[in-house]
Amino acid sequence: MDDPGLLAYKEARLPAAEAPNPLTRIPVDFATERVRDRLAPLAGDDPVIIVLEGVLMYLPDEVVVELGRTFLDLFPHHQLVADVQSPKFRHRYSGPIAQELEKLGAHFADRREHTGALLQRAGYRRIATTSVIARAVDAGTVRIPRWLLATFLRELRDGYAIWQLARAG
Ligand SMILES: C[S@@+](CC[C@H](N)C(=O)[O-])C[C@H]1O[C@@H](n2cnc3c(N)ncnc32)[C@H](O)[C@@H]1O
């Protein structure tokens, strides 16, 4: 699922029909359309993994909560994997990238609450956490001393993470 314009761009260059694996592209604007209607034909009891990668920062709080509720209603046996940010991380570290994206027409939503807390409000519990920055340090793509990450840069380490979530309760 992605923005209609983006999917049209991809489809023109990499047609779904020629993909080696089964691929269905579902165009949707998460912020203005009912995702529930688009996903309803796929609803069912099968085990499902839903990945929301690099998307939640663009969506207003209420849209994030409604998206989570929609997934929980339609796919009773799914796990969700999503990157989430704390408001502090957003405030301290996201400014430069947000400004660059703004020039391209992409706008980060205003956010006062942790994205993970919004998903927990939708009805999820967190079952695993991976720090994006610590993972990048481990992979050698970002060079920051580990002791610094564990002390003065804890917000950088913990404020942007991949959460794995499942239905609460
Ligand atoms: C950083 S990219 C993530 C790319 C994507 N996860 C992938 O693996 O190709 C952000 C994506 O969020 C999508 N996006 C942002 N706001 C959206 C919205 N309101 N509705 C649908 N898609 C949106 C953009 O079109 C873009 O593809």
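Whatever order the structure lists ligands and atoms in, that order sets their numbers, starting from 1. Along the sequence shown, residues carry numbers from 1.
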> Looking only at protein heavy atoms, which one is nearest to atom 6 (N) of ligand 1, and how far off is it?
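Among all protein heavy atoms, the one nearest atom 6 (N) of ligand 1 is Glu53 O, 2.8 Å.
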> With heavy atoms of Gly54 as the reference, note each atom of ligand 1 found under 4.0 Å away.
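Near Gly54, meaning under 4.0 Å from one of its heavy atoms, ligand 1 has 1 (C), 2 (S), 3 (C), 10 (C).
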> Is it the side chain (CB and beyond), the backbone, both or neither of Val28 that lies under 4.0 Å from ligand 1, heavy atoms counted?
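The answer is the backbone.
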> Can you confirm whether Arg125 is buried at CZ, in the sense that more than 12 heavy atoms of other residues, nucleotides or ligands lie under 6.0 Å from that atom?
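Atom CZ in Arg125 is crowded, with more than 12 foreign heavy atoms closer than 6.0 Å.
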> Tell me, which protein residue and heavy-atom name are nearest atom 20 (N) of ligand 1, and how many Å apart are they?
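The closest heavy atom on the protein side is Phe30 N, 2.9 Å.
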> For ligand 1, which atoms, with element, lie under 4.0 Å from some heavy atom of Asp3?
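Going through ligand 1 atom by atom, the ones under 4.0 Å from Asp3 are 21 (C), 22 (N), 25 (O).
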> Distance to 0.1 Å, residue and atom name: give those for the protein heavy atom nearest to atom 23 (C) of ligand 1.
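That would be Asp2 OD1, 4.0 Å.
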> Between Arg167 and Leu72, is there a donor-acceptor pair closer than 3.5 Å when you use the side chain of the first and the backbone of the second?
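Here the side-chain-to-backbone pair exists.
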> Any nitrogen or oxygen of Val55, side chain or backbone, less than 3.5 Å from one on ligand 1?
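No, since none of the N or O atoms of Val55 sits under 3.5 Å from an N or O of ligand 1.
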> In terms of atom number and element, which parts of ligand 1 are under 4.0 angstrom from non-hydrogen atoms of Leu59?
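Selected atoms, number and element: 19 (N).
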> Please tell me whether Ile49 and Ile162 are part of a single hydrophobic cluster in this structure, the criterion being side-chain heavy atoms less than 4.5 Å apart.
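Shared cluster, yes.
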> Using only atom types and a distance under 3.5 Å, with no angle test, would you say the side chain of Glu66 pairs donor to acceptor with the backbone of Glu62?
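No: the side chain of Glu66 does not pair with the backbone of Glu62.
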> Please confirm whether Leu52 comes under 4.0 Å of ligand 1, counting heavy atoms of the residue only.
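No; Leu52 lies far enough from ligand 1 that no heavy-atom distance drops under 4.0 Å.
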> Assess the pair Phe89 and His114: is the distance between their ring centroids shorter than 6.0 Å?
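No.
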> Side chain or backbone of Tyr58 under 4.0 Å from ligand 1, or both, or neither, by non-hydrogen atoms?
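Side chain only.
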> Could you tell me whether the side chain of Glu11 and the main chain of Ala16 form a donor-acceptor pair under 3.5 Å?
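Looks like yes, one N/O pair under 3.5 Å.
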> Which bit of Asp29 is near ligand 1, meaning a heavy atom under 4.0 Å away: side chain, backbone, both or neither?
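Contact part for Asp29 vs ligand 1: both backbone and side chain.
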> Tell me whether Arg38 contacts the main-chain N or O of Arg34 through its side chain, where contact means a donor paired with an acceptor under 3.5 Å.
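No, the answer is negative, given that no donor and acceptor are paired below the 3.5 Å cut-off.
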> Need the ligand 1 atom indices (1-based, order shown) with element for anything under 4.0 Å from a heavy-atom of Ala31.
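Listed by number with element, the hits are 19 (N).
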> Is it the case that more than 12 heavy atoms not belonging to Asp37 sit under 6.0 Å from its CG atom?
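More than 12 within 6.0 Å, yes.
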> Any chance NE2 of His91 has more than 12 other-residue heavy atoms, nucleotides or ligands included, within less than 6.0 Å?
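For His91, atom NE2 is not crowded (no more than 12 foreign heavy atoms under 6.0 Å).
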> Under a 4.0 Å heavy-atom limit, does Lys10 contact ligand 1 with its side chain, its backbone, both, or neither?
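It is the side chain that gets close, since no backbone atom is under 4.0 Å.
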